[in-house]
Each structure stands twice: as structure tokens, then as C-alpha cells.
**Q** 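Attaching a single structure in C-alpha cells format; questions to follow.
All chains are named by letter (A, B, ...) in the order of the sequence lines, taking the proteins before the strands, and each is independently numbered beginning at 1. Everything quoted here is computed from the prediction, not taken from an experiment.
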Protein chains: 2
Amino acid sequence: MTATGTTRTWAGSTLAERKAVRRAQLVAAGRELLGAGQAVTVRSVCRAAKLTQRYFYESFGDRDELVIAAFEAAAHEAVAAIVEAVAETDGRPESVARAGVRVAVEQTIDDPRRGQVLVVAPVSDPVLFAKRDEMLPVLTALFEEHIDSDAGDSELVASALAGALVHLFFRYLTGELRVERAAFEEHCVRLLLAGGAGWRRPSVDTG
Amino acid sequence: MTATGTTRTWAGSTLAERKAVRRAQLVAAGRELLGAGQAVTVRSVCRAAKLTQRYFYESFGDRDELVIAAFEAAAHEAVAAIVEAVAETDGRPESVARAGVRVAVEQTIDDPRRGQVLVVAPVSDPVLFAKRDEMLPVLTALFEEHIDSDAGDSELVASALAGALVHLFFRYLTGELRVERAAFEEHCVRLLLAGGAGWRRPSVDTG
DNA sequence: GGAAACTGACAACGATGGTAGTCAGTTACT
DNA sequence: AGTAACTGACTACCATCGTTGTCAGTTTCC
């Protein structure tokens, strides 16, 4: 048998394998830069990955594609952890909400780099903002599945909830929100349980 | 009397007057560009203002300063209109919330350019994002003054509310949120009245 | 060993942006 | 009329970025 096409090896690996390695290196470098709040350009990411720019275009059409890949890598980790935690609850709404919030906090606040990628970076990168906006329904749907809310138009509810949580996490992560972690988590749980309501009694209900 | 220093005229106006006119032209040009979703650079804004770049540095240290000025101009209009509308209510929480939401919608959705500047542009410009973040407490404080909420930690409440409203307006303005205007406004009113709760009954309350 | 695939380093080009300066023409004051 | 302030048009320089190509050295296959 002759080694032709993609089976030819170089330093023990095929071209496809090398491409995959290089792609992973670039995505990891992109994550590092995003997580450190640094600019992601073709040059900066290739420098961080210790690859020449020629290899960038082997896997990505442009910088945006790379940045999205980096974001998705981080997001999938967080979502997977949340899904797992939720699956281990007894399924009661409060258990689900608590597990979800706990893990979300762990994934973003206890791992500041991932938090930076998922929560802070989208603020200054329209590409990431749009990507995050696209992925949020995945998360809200997960909770809607377990938490029955008779709160009204579900799209409005979901949007308000997403906006509220994203903003809370952003301010907490950047240190603008000076509250105890427990209070922060409790508030997020309440928001989820009420389909967005962290408050017991809307004023109109007691009027 | 001899005309010296700043009283010297050129085409009928003093240097100070000319500077003020040029500054206003640049701010207006900045607003136009932001409102049209176009990039604001020193070059683009001077082109739009029909002024040479030399005059840019007469009023602004850099591009960010100009962009902030443009944002502030738009924001002050909206805030002033909301303040006025609230002042004309009977002061009951529901009246205040309704007036506030109605005017906010008018200011941003009925005037798409201003809406673009205040709601959409901050998504792709970190300078504007930060500026808006800085100004949101002005608005939430206005409502807190009129709407008594026993909902808990007021900073957490205000942050969640701000995030929810900003996100709702963003999605509505960009056309992502396909709901009737009345439903949209009603939901925002409910959020305000509940200090963020658009929902009647958190599940835990009926458990 | 020769040829082709592959690598890493680098150059090149065009585009854009920020900032500052020059120059000829215009205006206003003395 | 002379001079200084002012204007508008433009140049110049530097930096960064995206994208592509070249070249010499390396590896692998036949």
C-alpha cells in the first residue's frame, strides 16, 4: 500500500490530524485572549497559538469565525455542566433553579476566564454579542421545561429574564455589584422561579 | 473700543460662537452616523459635518469623547420627556409606570434614530455601552422614587430591571421580538410595578 | 536520491484610522 | 495697505489590520 493524499504522515500524524491540532490551538488561543480581555486579531491569535498566519486560513474564513468558535467552546462547557446538574435534581422547580444558578455561577464566576468569554467579552464585540443572543434561548428553554410559569407571553418573559440575568452576571463579574454571593444566587433563583420575578408581591397585587 | 481676543468677529460671529456651532455640528453628525448604524471615526464624522479634521480637535480630545457627547444629547431628550410625563401623572405607581413606558417607547421606537443611538449602538461600541450603563441608574431611580417595592435588595432589583428592560427594548427595536406594541408596553409596565416582576405568581408562592 | 508535500519565517500590498502640519485664500482690525 | 487671525483643502506620517505570496529548510514517499 502506498501512502497517498491524506494518509501521508509528517512527524507521525496525517494532514487531517495536524489540521485538527492546529485548529484546536487557534481556538484555545482565542479563548485565552478573550478571557484576558485582549483583542483577537488574526495576528494576535496566531502569535498566541505560536502558528504562522498561513495556518489561520486553513480552518477559518475570518477572524469572526474563530471568535465564534472560541465562544462556542466555552458556552458548551457551561451548558453541559448546567444540564448535568439539572438532571441530577429531583425535578422540582426550586431544585432545578438552585442547581442551574449554582452551576452557572461556578462556571462563570469561579472560572473568571470563562466568565470573561461568556459574559464580558460580548459587550465589546458585536460578533459575540450576537452569538450569545442566539444561544440564550437554549438556556431559557432548559428552565422553562422544568419551571411552570403562568406569567404571560413566554417570549416577553424569556427576553426579560435573559436580559435580567445577563446584566446581573455582568455587573457581578465586573465587580460593580457589591453583594454577597449567596444573595446574588438567591436573587437569580427567585428570578427563575417567577419566570423573571425576584419579588414576592407586585404592588398591584396588594392594591 | 477695539475688538480684541474673543470679541473679534468673522462673518458676524465671535470665535466662541463659531466653536460652539462647529461643536454642535459635530455632535449632530455623530448622532446621525450612530442613528444610521454607521461607524463613527474622526474622518467620517467630519465628513458628515462638512468640517475639516482640524476642527475636530477644537472640541474633542478623541473620538470617544464625541461619541459620548452624541449619546448624551439623545439620552437627555429621552430622560427629559420621561420626567415631564411622570410629573404630569397623579403620582400613583401604575400611572407613573404607564407614562414612563409610553414615553420611553415613543422616544425610542417612534424615533428610530434616537432608538438606534440609545438602545442598539451600545451593543457594538464599548464606549457607549459603558456610558449607558452609567446612566441607567438615573432612570431606575426615577421609578423607584414613585414605585414602592418591597422586593428585596434594591441594587439587585434595579440591575435585574435595567437588564430586562434594555434587552426587551433592544429585541423589540431590532424586530426580533414579534409582539403587539400594547403587549410590549403592558409587559414593561408590569416589570416596573413589580420592581421587575412581570409575572403574577411565582410558582413557590402557590406550592 | 529526487521530487513533492509540508513547515516556519517573513515580506508585500492595500485599506483604514488617528493625529498634526502646511499653504493659499479670506476676513477683520488698525 | 499691512498684518494677524481664521478658514478650507490637503498632505504627511505612523500604526494596525487583513490577506496573500515567496522562500529556504524539512519530511516523506517512491
**Q** Report yes if some heavy atom in the side chain of B:F170 is under 4.5 Å from a heavy atom in the side chain of B:P122; otherwise report no.
**A** no
**Q** Applying a 4.0 Å non-hydrogen cut-off, can you work out what B:R18 is touching in the nucleic acid: base, sugar-phosphate, or nothing?
**A** sugar-phosphate
**Q** Using whole Å, report how far CH2 of B:W10 lies from C1' of D:dA4.
**A** 11 Å
**Q** What is the distance, to the nearest angstrom, from the CD atom on A:E58 to the C1' atom on C:dA5?
**A** 13 Å
**Q** Between D:dT19 atom C1' and A:D64 atom CG, what is the distance in whole Å?
**A** 15 Å
**Q** Drop me the distance from A:L192's CG to A:H187's NE2, to the nearest 0.5 angstrom.
**A** 10.5 Å
**Q** Got a sec? Which of residues 34-48 of chain B come in under 4.0 Å of DNA chain C, heavy atoms?
**A** B:T41, B:V42, B:R43
**Q** Between P on C:dG21 and CZ on B:F56, what's the gap in Å once rounded to a whole number?
**A** 17 Å
**Q** Note the angle between the end axes of the helix from C:dG1-D:dC30 to C:dT30-D:dA1, five pairs defining each, rounded to 10 degrees.
**A** 20°
**Q** Rounded to whole angstroms, how far apart are CG on A:L15 and C1' on D:dT28?
**A** 13 Å
**Q** Between B:Y55 and A:Q53, who's closer to the 5' end of DNA chain D by nearest nucleotide?
**A** B:Y55
**Q** Can you tell me if A:R22 touches the phosphate of C:dT7, counting only side-chain N or O atoms and a distance under 4.0 Å to OP1 or OP2?
**A** yes
**Q** Determine whether B:L15 and B:R8 make a side-chain contact, defined as any pair of heavy atoms from C-beta on separated by less than 4.5 Å.
**A** no
**Q** Round to the nearest Å and state the distance from A:R54 atom CZ to D:dT22 atom P.
**A** 12 Å
**Q** Would you find a donor on one side and an acceptor on the other, under 3.5 Å apart, between the side chain of A:S124 and the backbone of B:P126?
**A** no
**Q** Which residue in the set A:T41, A:L33, A:V27 passes side chain to side chain contact (heavy atoms under 4.5 Å, CB included) when paired with A:L66?
**A** A:V27
**Q** Report yes if at least one side-chain N or O of A:T9 is closer than 4.0 Å to OP1 or OP2 of C:dC6; otherwise report no.
**A** no
**Q** Would you say the side chain of A:Y172 lies within less than 4.5 Å of the side chain of A:V179, judging by non-hydrogen atoms?
**A** yes
**Q** Need one value for B:Y57: base, sugar-phosphate or nothing, where a base atom within 4.0 Å counts as base even if backbone is also close, heavy atoms only.
**A** base
**Q** How many Å lie between CZ on A:R8 and P on C:dC6, as a whole number?
**A** 6 Å
**Q** Is a side-chain donor or acceptor of A:S159 paired with a backbone partner of A:E155 at a separation under 3.5 angstrom?
**A** yes
**Q** Figure out the CZ/P separation between A:F60 and D:dT19, and round it to whole Å.
**A** 13 Å
**Q** Does B:R23 come within less than 4.0 Å of B:E58, counting only side-chain N to carboxylate O?
**A** no
**Q** Check this for me: does any side-chain nitrogen of one of B:D125 and B:R132 sit under 4.0 Å from a carboxylate oxygen of the other?
**A** no
**Q** Let me spell it out: for each of B:R63 and B:G12, pick the nucleotide of DNA chain C with the closest heavy atom. Which residue's pick is nearer the 5' end?
**A** B:R63
